[in-house]
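Values reported hereafter were calculated over all heavy atoms of this structure, with side chains retained and with hydrogens, waters and symmetry mates removed. The first residue in the sequence is number 1, and the count goes up from there.
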Amino acid sequence: MTKESSARPTQTEVEILGILWERGPSTVRQVHESLGAERPVGYTGVLKLLQNMYAKGLVRRDQKDQAHVYEACEPARMKRQLLGDMIRRVFAGSASQLVLHLLEDEKASPKEIAEIRRMLTAHQRRSK
C-alpha cells in the first residue's frame, strides 16, 4: 500500500486522529486506552488501524524506541479537509448553514459566540 496524502480516513480513524490532535504524539497503548474509554476495542485492532493510517499517510511513526509513537500528519490540513467534506455532504456546500445549525442547537456558549463574532470581523477585514 502506498502513502496517499488525500486518503479519506474512516470514522474510527477520525476518532484516532482526534485523540492524537488532543494528546499529541502517542504510543499505541495510549491511543488504545483513550479509544477504549469510548468503546470496546482490542490493542491489536488499534495497532492495525494505526499501521493502516501510517500507510495512508495520515500519521507519522517514530520508531527510535521499542514502543512506536504515532503523530497526526498535517492536522490543520486534515481538519480543513474533513470539515470541507462534511459541509459539502451535509450542508450542500454552505458554510453559513453549518454555522446557523450550530447556533440553532444552542451548543455555542456566549463566550464562543463572541469569539465567532471576533473571527468574522477579522475575516472581513482581511477580505477587503
Is the number of heavy atoms from other residues, nucleotides or ligands within 6.0 Å of [atom1] ([X]) greater than 12?
{"X": "Arg125", "atom1": "CZ", "value": "no"}
{"X": "Glu22", "atom1": "CD", "value": "no"}
{"X": "Lys48", "atom1": "NZ", "value": "no"}

Query raised in the report: Hey, what's the ring geometry for Phe91 with His101, parallel, tilted or perpendicular (30° and 60° as the breaks)?
Result: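 Geometry flag for His101 against Phe91: tilted rings.
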**Report entry** Check against side-chain contact (heavy atoms from CB on, under 4.5 Å), Leu17 and Met53
**Finding:** CA-CA 9 Å; Leu17 285 170; Met53 292 170 72; 3.7 Å; yes
Can you hop from [X] to [Y] via hydrophobic side chains spaced under 4.5 Å?
{"X": "Ile113", "Y": "Leu98", "value": "no"}
{"X": "Val31", "Y": "Val14", "value": "yes"}
{"X": "Leu47", "Y": "Leu49", "value": "yes"}
{"X": "Ile116", "Y": "Leu100", "value": "no"}
{"X": "Val46", "Y": "Tyr54", "value": "yes"}

**Report entry** Those residues that, when tested against Glu112, pass salt bridge (Lys or Arg N to Asp or Glu O under 4.0 Å) (two or more places apart)
**Finding:**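 Glu112: no salt bridge (Lys or Arg N to Asp or Glu O under 4.0 Å) contacts found.
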Query raised in the report: Who are the salt bridge (Lys or Arg N to Asp or Glu O under 4.0 Å) partners of Arg29, not counting sequence neighbours?
Result: none
Work out which heavy atom in [X] is nearest to a heavy atom in [Y]; give both atom names and the distance.
{"X": "Ala95", "Y": "Ile87", "result": "N-CG2, 4.0 Å"}
{"X": "Thr27", "Y": "Ala67", "result": "CG2-CB, 4.2 Å"}
{"X": "Ile19", "Y": "Leu35", "result": "CD1-N, 3.6 Å"}
{"X": "Glu71", "Y": "Pro25", "result": "CD-CG, 3.9 Å"}
{"X": "Leu50", "Y": "Val59", "result": "O-CG2, 3.9 Å"}
{"X": "Ala72", "Y": "Arg60", "result": "O-NH2, 3.5 Å"}

Report task. Ignoring hydrogens and angles, tell me if any N or O in the side chain of Arg118 forms a donor-acceptor pair with the backbone of Ala114 under 3.5 Å. Result ->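 It does not hold such a pair.
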State, yes or no, whether a side-chain contact exists between [X] and [Y] at a heavy-atom distance under 4.5 Å.
{"X": "Met78", "Y": "Pro9", "answer": "yes"}
{"X": "Gln81", "Y": "Arg8", "answer": "yes"}
{"X": "Gln51", "Y": "Tyr70", "answer": "yes"}
{"X": "Lys56", "Y": "Thr10", "answer": "yes"}
{"X": "Val41", "Y": "Thr12", "answer": "no"}

